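All remarks here apply to the structure that follows.
Fair warning: this is a prediction, and the values are worked out from it, not measured in the lab. One-based numbering along the sequence shown.
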Amino acid sequence: MSRLLVTGGAGFIGSNFVHHVMEHSDDEVVVLDKMTYAGNAASLEGLPESRFTFVRGDICDRELVDRLVSGVDAVVHFAAESHNDNSLANPEPFITTNLYGTFALLEAVRKHDVRYHHISTDEVYGDLELDDPEKFHETTPYKPSSPYSASKAGSDLLVRAWARSFGVRATLSNCSNNYGPRQHVEKFIPRQITNVIDGIRPKLYGQGLNVRDWIHVDDHNAAVLLILERGEIGQTYLIGANGEQDNKTVIEKILTLMGQPADAYDHVNDRPGHDMRYAIDASRLREELGWEPTYKDFDAGLAATVEWYRANEGWWRPQKAAVEAKYAAQGQ
Ligand code: NAD
Ligand code: DAU
């Protein structure tokens, strides 16, 4: 049994990770979360009090981070500013949280010799052409496009430097686009599902030819727990489930699943610098650690996600109007 510090545990992937750990291990969890607009206390309801503690605070608070890290066996670092569109509107919090926050955690794990796992994204590799036969792999050069992905790329490089120069016991993972329960309604799939529930037409950026490599959040988190327990120190693992879909197809699937005509959506302003395609080669994870995704059928996973948003309106309703107002102001 270990004691884990999970940063960003009130966000989408972090909260699902905490539930996953409770179900699949005996570990105790301390969540550190600033509760920005993206943190949701309801995502952590019902966890066993004997194994779960919540601390509201900022990963940039060196004193707090030092104290919390001194009392755990490992840190799993999810906390971040995570939305590309927000990073285009105001990059500053992305630099502060994603870079300085990671630095603060690295200094604390270095001081207390605590195992560290760093959660990152496939966006650090930039994008692929639609017809490129290559996928991203562990040695693909970094070429981030947005302030968000650049800040994540920088944080990955900090981790590698602290591992090499100071011997920090770190692993990294770079995952593709997650979907599933408890994802903020600013993100593509929940935005469209909740739009349809509200009688608003879904919004497709540009022509919607952009491809994302979708993975269910539970499959991402199963991989993270496996890497934490059995990953090779110093190693990077790419996480992806061969889930490539273009955005237009995803919107049409959502509309069809929800009983609407497949073409009942609007084209809106494209995202500046919009990455065309992401695709992950997860061979190392599969071959070295024996990981396999459970959600192999995207349509079935999407249908379950639609049902989750239908059944949990109280979870997302408080954020919906403000998110749509912000997008409307950008012509999106
Ligand atoms: P999210 O935006 O849903 O959640 C982020 C959480 O971090 C929130 O609870 C927020 O309150 C917290 N947070 C933000 N700034 C903080 C700070 N300074 N101190 C403490 N807590 C802070 O994000 P997500 O989609 O769950 O992403 C989690 C991690 O996974 C991020 O590092 C992201 O880069 C990475 N990632 C996301 C995806 C994806 O598809 N969503 C894919 C690959 C990697
Ligand atoms: O690839 C991993 C990344 O996936 C993570 O690192 C990020 O944290 C996460 O937000 C996600 O980034 P994307 O920018 O790919 O996700 P988003 O949900 O914002 O958009 C997915 C695609 O859908 C993208 O091509 C933009 C498009 N889109 C998005 C919105 C919100 C639309 O067409 N319409 C929309 O309304």
Side-chain angles (χ1 to χ4, degrees), residues 4-8 13-14 17 32 34 57-70 72-82 84 87 91-126 136-176 220 223-224 226-240 278 280-282 284-285 288-289:
L4 309 180
L5 178 65
V6 177
T7 70
I13 307 176
F17 180 74
L32 171 61
K34 186 178 174 181
D58 192 330
I59 56 166
C60 299
D61 179 342
R62 299 274 311 268
E63 226 178 281
L64 174 64
V65 164
D66 185 82
R67 180 163 57 77
L68 293 175
V69 168
S70 72
V72 297
D73 303 298
V75 173
V76 187
H77 176 34
F78 290 94
E81 287 292 338
S82 69
N84 277 297
S87 82
E92 189 166 353
F94 290 75
I95 304 306
T96 311
T97 286
N98 299 357
L99 287 167
Y100 188 82
T102 298
F103 159 74
L105 286 159
L106 286 170
E107 281 295 82
V109 294
R110 164 158 94 109
K111 179 172 162 193
H112 299 289
D113 189 21
V114 167
R115 169 88 170 85
Y116 175 87
H117 181 72
H118 186 72
I119 304 293
S120 193
T121 169
D122 58 358
E123 295 195 13
V124 299
Y125 302 115
F136 298 139
H137 46 84
E138 281 78 3
T139 54
T140 302
Y142 274 31
K143 200 159 90 43
S145 314
S146 73
Y148 162 68
S149 51
S151 68
K152 291 297 291 187
S155 74
D156 291 9
L157 299 183
L158 292 178
V159 178
R160 296 220 174 96
W162 262 244
R164 177 163 170 162
S165 299
F166 303 126
V168 163
R169 292 179 290 129
T171 42
L172 292 93
S173 55
N174 295 79
C175 188
S176 58
H220 180 185
V224 169
L226 198 58
I227 296 165
L228 189 67
E229 288 168 349
R230 303 212 331 251
E232 189 186 329
I233 297 301
Q235 200 59 272
T236 293
Y237 296 87
L238 263 61
I239 308 175
Y278 307 137
I280 291 266
D281 175 353
R284 171 180 284 168
L285 182 67
E288 292 181 14
L289 298 183

Set of residues satisfying side-chain contact (heavy atoms from CB on, under 4.5 Å) with respect to A74, sequence neighbours excluded: L4, R115, L228
Point-to-point distance, once rounded to the nearest 0.5 Å, from CG of L68 to CD1 of I59: 12.0 Å
Pairs satisfying salt bridge (Lys or Arg N to Asp or Glu O under 4.0 Å), at least one member in residues 117-126, at least two apart: none
For the student: nearest non-hydrogen atoms of S87 and Y148, plus distance: OG-N, 3.1 Å
Closest contact, heavy atoms only, S151 versus L99: O-CD2, 3.6 Å
Considering all heavy atoms, the nearest V114-V69 contact: CG2-O, 3.6 Å
Any residue meeting side-chain contact (heavy atoms from CB on, under 4.5 Å) with E63, in chain and number order, not counting sequence neighbours: D61
Qualifying residues under ring-ring contact (aromatic ring centres under 6.0 Å, His included), relative to H77, sequence neighbours excluded: H118
Pairwise side-chain contact, V65 with L5, heavy-atom cut-off 4.5 Å (strictly under): no
Spatial distance of atom CD (Q235) from atom CZ (R284) [nearest 0.5 Å]: 3.5 Å
S176: side chain to side chain donor-acceptor pair (under 3.5 Å) partners, not counting sequence neighbours: none
V159 side chain near L106 side chain, heavy-atom distance below 4.5 Å: yes
Heavy-atom closest contact (T97 atom, A80 atom, distance): CG2-CA, 3.8 Å
With D66 via salt bridge (Lys or Arg N to Asp or Glu O under 4.0 Å) - residues at least two apart: K111
Distance (rounded to the nearest 0.5 Å) between L172 CG and H117 NE2: 7.0 Å
With sequence neighbours excluded, residues passing side chain to side chain donor-acceptor pair (under 3.5 Å) with S145: D275
Minimum side-chain heavy-atom gap W162-T102 below 4.5 Å: no
Which residues share a ring-ring contact (aromatic ring centres under 6.0 Å, His included) with F78, sequence neighbours left out: F17
Residue pairs, two or more places apart or on separate chains, that pass salt bridge (Lys or Arg N to Asp or Glu O under 4.0 Å) and touch residues 97-108: E107-R110
Side-chain heavy atoms of I13 within contact of I119, under 4.5 Å: no
Residue list, salt bridge (Lys or Arg N to Asp or Glu O under 4.0 Å) with E232, at least two apart or on another chain: none
Distance in Å, N98 CG paired with T121 OG1, rounded so as to fall on 0.5 Å steps: 10.5 Å
Minimum-distance pair of heavy atoms, taken over all atoms of P147 and P91: CB-CB, 3.9 Å
Identified side chain to side chain contact (heavy atoms under 4.5 Å, CB included) counterpart of S120 within the set L238, N174, T236: N174
Stepwise side-chain contact (heavy atoms from CB on, under 4.5 Å) check, I227 with L285: CA-CA 8 Å; I227 296 165; L285 182 67; 4.0 Å; yes
Heavy-atom closest pair, residues I239 and S173: CD1-CB, 3.6 Å
Residue pairs involving residues 152-169 (criterion salt bridge (Lys or Arg N to Asp or Glu O under 4.0 Å); sequence neighbours excluded): D113-R169
Set of residues satisfying ring-ring contact (aromatic ring centres under 6.0 Å, His included) with respect to Y125, sequence neighbours excluded: F136, Y142
